[in-house]
Amino acid sequence: MEESPIISPLNDAQLEAVTAPSGPVLVLAGAGSGKTRALVHRIAWLIQENGSHPWSIIAMTFTNKSAREMRTRIEKLLNTPTQGLWIGTFHALGLRMLRQDWQAAGLSERFEVIDNADQLRQIRKSMEELKLDEKAIPPKQILWRINACKDNGHRAHNLPEELSKDEVFSLIYRDYEKRCQQLGLVDFGELLLRPCELLKNNQIVREYYQNKFDHVLIDEFQDTNHIQFQCAQLLSTRHQSIFAVGDDDQSIYGWRGAKVENMLGFNRIFPSASIFRLEQNYRSSGCILQAANAVISRNSGRLGKKLWTDQADGEPIQIYRAYNETDEAGFAVSAIDASIASGKAHNEHAVLYRSNAQSRVFEEQLIARGIPYSVYGGMRFFERAEIKNAVAYLKLAVNRDSDPSFDRVVNMPPRSIGNQTMESVRFIAARHGVSLWEASRLAIDDAKTRPRSRESLKRFRAIIERIDALSKELPLDALVEKVIHESGLIDHYARERGETAISRTENLKELITAAGSYILELSRESPEQRKNQLNLFLNHTALEPGPRGTEEEFDRVQLMSLHSAKGLEFKTVFLCGMEDGLFPHQLSISDGNLEEERRLCYVGITRAMQKLYLCYSRSRNVFGKQMRCTPSRFLAELPEELLSGTRQPVIEQKQWQKESVQPDSNLTDHSGKNLELGCTVRHAKFGEGTLMQAEGTGAYARVQVNFPEAGKKWLVLNYARLRRV
DNA sequence: ACGGCTGGTTTGTGG
DNA sequence: AACCAGCCGT
């Protein structure tokens, strides 16, 4: 047992946590302290030393990537495939439960998962039906609020008082819920909320899972929201074996309902909990760790950990002050180029930024130098219009009643089924209470339908029937190939001119490849029936980011947001766009969410193993306008002795602090209109109002104006075109 | 029915 | 600057 690969690589603290007797365990694991290792070894230990069966274990993660990594590492450790082990993202596990118990969950058997764009489309429809003006109430804001409700477990009929007071919102939420229920649509929030309700309200299902799972494990526990923790609790009430690993300093998902309080409250819920701390950092050089500690120490209300390392200080942190974002990207890419020339692998380098829109300039520079890279986040492969179109054909083949899919591709590529035709189809559907598919059949039989529409609809229906027939005899990738041809999609995009058309046809071809590699992935886990292959692939398109790169594509420079970088590590990290208003983001500054932004900064710094660059730009192009920027206040929180600068006299540091801390009461600087607090301004839509507050600088400068009619509004100076009266 | 044009809007982080 | 929805001309 001493030589066991499961326990011998562990330090004392890790060993204690991993081999803790079955029961509630909370592991406070600092950045780079072996958090994933603890989880992976715990599962391996449960199986090999504790005699637990893989199928009695459920492990929940936040990202597909970490789920995959954990599974791989466990299999490597145990040297055997882990069949039956439930390991996946909360969303994927939720979906699995809903597919299994769709009836008990009150869903239709063929329910489909919708992404943000589809969700927004449904919200728009709800608002249209309620005759609400999209300009007065932005649908995006409604989406945001509905998601927030679901994160907190609130249904439309059961809103807390302060929310139910907003009757308009309440109405939209209610209509949206009804719409999704009728159409069999499940959004991301629903993938968490509905399983939670299912466990809470259905005794049979609850007991089934409580008996099934002896052990519940949670990764990134600090990022669980109310209902995620509730799910985990419900699953573990019988065996009380819950193993949660997290770091309060890395809680960066408060905006989507995460409750750090779940960590603090763990003892209260599980009074017999053992708590372990992992405080030795194995990842970063001394300098980098000191910088991280210095930044995070400014936060209040921490659980308190002292991260330490026995590594040498290493290289100082390099600051770069760029003239503009092109200069910033140029600096980073040159440094990467040089580093690669000295023999480093591409994927040892990461460029991290606060918002995905920043990736573009870096991409341009990398392309210009012919350096391979991959970008994470942003538009996902399966979210692209052409891919969603192809998938919609598959969905219709599986489920003729999928109205959103029908809507999407009935006239894509254009086949003369325009508004006129669709209006009458919709009318028939509404009158008979049937799906659009069924209504299209009725429309064909209807004498009033024009011959041309009739022919077009027939043609479309024949395509779907044909795909369905093919789906029963062809393997998935061959089926996808048929779909993009028989639907006419690939010809349609090939006929279009321009770069987008080319990339669209390429994406469609890549969908065939993606289907092919998905078959391989499936066959490794469990050889399934062909019929189910398609259904599983459709689940896959709903939750997975896209086709995974091949071996050759693996070694690339990594570009991603700070949020997606969590849990990863790189030899060299470029933390870019370190400017007030961008990072910390202006919206967080206004909401007073600086501590979460600071944790994000902490996450960014602690991704670096050997070399960290912090870059900021004096000016930046925002919405096509060049804007002056102020260095991030977080830069001023770093001890001088850890830094070295190019074009950066360290003395300037103190000034950053001043600049960023001073409130902007005089806005003359960026508006050129001599605005000040308390003055009266005129707005094109809202009329005259009083300037109440001002925040931010440059492109991000906003003011709050109190209008007699419209009430208090936050307006971005750059766009609001306010005039002083 | 459809493609091209235009002007208004956009970008905060994710499954 | 890039993207989209809505409008207009064919």
Side-chain angles (χ1 to χ4, degrees), chain A residues 60-67 88-95 113-117 119 124 134-135 138 140 144 147 150-151 186-192 220 223 225 228 251-258 325 352-361 364 376-380 382-383 385 411-422 450 452-453 456 492 495-498 500 539 541-546 560-566 577 581-591 593 596-597 599-600 603-604 620-626 684 699-700 716 718-721:
Chain A
M60 310 163 176
T61 69
F62 275 85
T63 65
N64 294 302
K65 201 170 183 174
S66 51
T89 62
F90 280 93
H91 293 85
L93 294 169
L95 176 58
V113 181
I114 57 170
D115 64 15
N116 266 335
Q119 190 185 8
R124 285 218 169 93
E134 285 198 5
K135 287 192 179 111
K140 260 205 165 149
W144 182 264
N147 289 346
K150 293 197 178 186
D151 284 340
V186 166
D187 62 35
F188 287 129
E190 198 72 21
L191 286 177
L192 305 179
E220 309 281 12
D223 289 330
N225 64 28
Q228 284 168 324
S251 160
I252 54 174
Y253 284 101
W255 54 273
R256 62 174 202 201
E325 71 270 31
L352 309 182
Y353 35 75
R354 177 62 175 80
S355 68
N356 286 312
Q358 286 167 257
S359 72
R360 248 196 57 185
V361 204
E364 283 164 6
Y376 291 81
M379 175 70 83
R380 293 174 159 222
F382 291 121
E383 284 171 358
N411 200 31
M412 187 66 219
R415 47 175 77 87
S416 324
I417 304 177
N419 271 339
Q420 206 93 60
T421 311
M422 273 312 286
R450 300 226 305 273
R452 194 188 167 131
S453 303
S456 296
H492 169 75
R495 238 179 287 122
E496 282 188 341
R497 286 168 288 108
T500 50
N539 284 347
T541 64
L543 296 179
E544 296 281 331
M560 67 188 80
S561 71
L562 286 161
H563 283 88
S564 10
K566 196 179 62 166
L582 190 57
F583 187 37
H585 196 276
Q586 187 53 51
L587 295 171
S588 301
I589 299 174
S590 336
D591 299 348
N593 268 341
E596 183 155 308
E597 293 284 306
R599 290 192 291 269
L600 194 54
V603 166
R620 188 172 287 276
N621 199 320
V622 183
F623 300 148
K625 272 191 187 138
Q626 207 63 29
Y700 308 99
V716 177
N718 234 5
Y719 302 104
R721 284 194 299 202

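A, B, ... follow the sequence lines: proteins, then strands. Residue 1 opens every chain.
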To the nearest angstrom, how far is [X] atom [atom1] from [N] atom [atom2]?
| X | N | atom1 | atom2 | answer |
| --- | --- | --- | --- | --- |
| A:R380 | B:dT13 | CZ | C1' | 13 Å |
| A:N147 | B:dT13 | CG | P | 15 Å |
| A:M560 | B:dG15 | CE | P | 12 Å |
| A:M412 | B:dA1 | CE | C1' | 14 Å |
| A:D591 | B:dG12 | CG | C1' | 11 Å |
| A:L600 | B:dG14 | CG | C1' | 13 Å |
| A:N225 | B:dG14 | CG | C1' | 12 Å |
| A:M60 | B:dG14 | CE | C1' | 19 Å |

| task | List for me each residue that meets salt bridge (Lys or Arg N to Asp or Glu O under 4.0 Å) alongside A:D151, sequence neighbours excluded, and say none if there are none. | result |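 For A:D151 there are no salt bridge (Lys or Arg N to Asp or Glu O under 4.0 Å) partners, ignoring immediate neighbours.
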| task | Quick one: list whatever passes ring pair (Phe, Tyr, Trp, His ring centres under 6.0 Å) with A:Y353, sequence neighbours left out. | result | none
Over all strands shown, is [X] touching base, sugar-phosphate only, or nothing at heavy-atom distances under 4.0 angstrom?
| X | value |
| --- | --- |
| A:Y253 | sugar-phosphate |
| A:Q420 | sugar-phosphate |
| A:E597 | base |
| A:K140 | sugar-phosphate |

| request: Taking atom types as modelled, find out whether A:N147 and A:Q119 have a side-chain donor-acceptor pair closer than 3.5 angstrom. | output: yes
Would you say the side chain of [X] and the base of [N] hold a donor-acceptor pair, judged only by whether the two atoms sit under 3.5 Å apart?
| X | N | value |
| --- | --- | --- |
| A:S588 | B:dG12 | yes |
| A:H585 | B:dG12 | no |
| A:N116 | B:dG15 | yes |

| Centroid-to-centroid, A:Y253 to A:H563, below 6.0 Å? | yes
| Closer than 4.0 Å, any side-chain N/O of A:N356 to the OP1 or OP2 of B:dT11? | no
| Can you find a side chain N or O atom of A:T421 that sits less than 4.0 Å from OP1 or OP2 on B:dA1? |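 For B:dA1, OP1/OP2 do have a side-chain N/O of A:T421 under 4.0 Å.
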Between the protein and nucleotides 1-4 of chain C, list the N/O to N/O atom pairs that are separated by less than 3.5 angstrom.
none

| note | A:S453 meets the side-chain contact (heavy atoms from CB on, under 4.5 Å) criterion, sequence neighbours left out, with A:T421, A:T449, A:R450
For nucleotides 2-8 of chain B, tabulate all protein N/O to nucleotide N/O atom pairs closer than 3.5 Å, reporting atom names and distance.
| residue | atom | partner | partner atom | Å |
| --- | --- | --- | --- | --- |
| B:dC2 | OP1 | A:S416 | N | 3.0 |
| B:dC2 | OP2 | A:N411 | ND2 | 2.9 |

| message | Run the side chain to side chain contact (heavy atoms under 4.5 Å, CB included) test on A:K150 and A:F188 for me, step by step, so that the C-alpha distance in whole Å, both residues' side-chain angles and the decisive distance to 0.1 Å come before the verdict. | response | CA-CA 9 Å; A:K150 293 197 178 186; A:F188 287 129; over 6 Å; no
| query | With a distance cut-off below 6.0 Å to the six-membered ring centre and an angular limit of 45° from the axis, does A:R380 pair with A:F382 as a cation-pi contact? | reply |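 Judged by the rule, A:R380 and A:F382 form no cation-pi pair.
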| query | Residues in side-chain hydrogen bond (donor to acceptor under 3.5 Å, both in side chains) with A:R360, at least two apart? | reply |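 Applying side-chain hydrogen bond (donor to acceptor under 3.5 Å, both in side chains) to A:R360 gives A:E364.
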| query | What's the verdict on side chain to side chain contact (heavy atoms under 4.5 Å, CB included) for A:M60 and A:L93, showing C-alpha distance, side-chain angles and the deciding distance? | reply | CA-CA 8 Å; A:M60 310 163 176; A:L93 294 169; 3.7 Å; yes
| field | Given A:P584, A:S561, A:S588, the one that forms side-chain contact (heavy atoms from CB on, under 4.5 Å) with A:R354 | value |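 Result for side-chain contact (heavy atoms from CB on, under 4.5 Å) with A:R354: A:S588.
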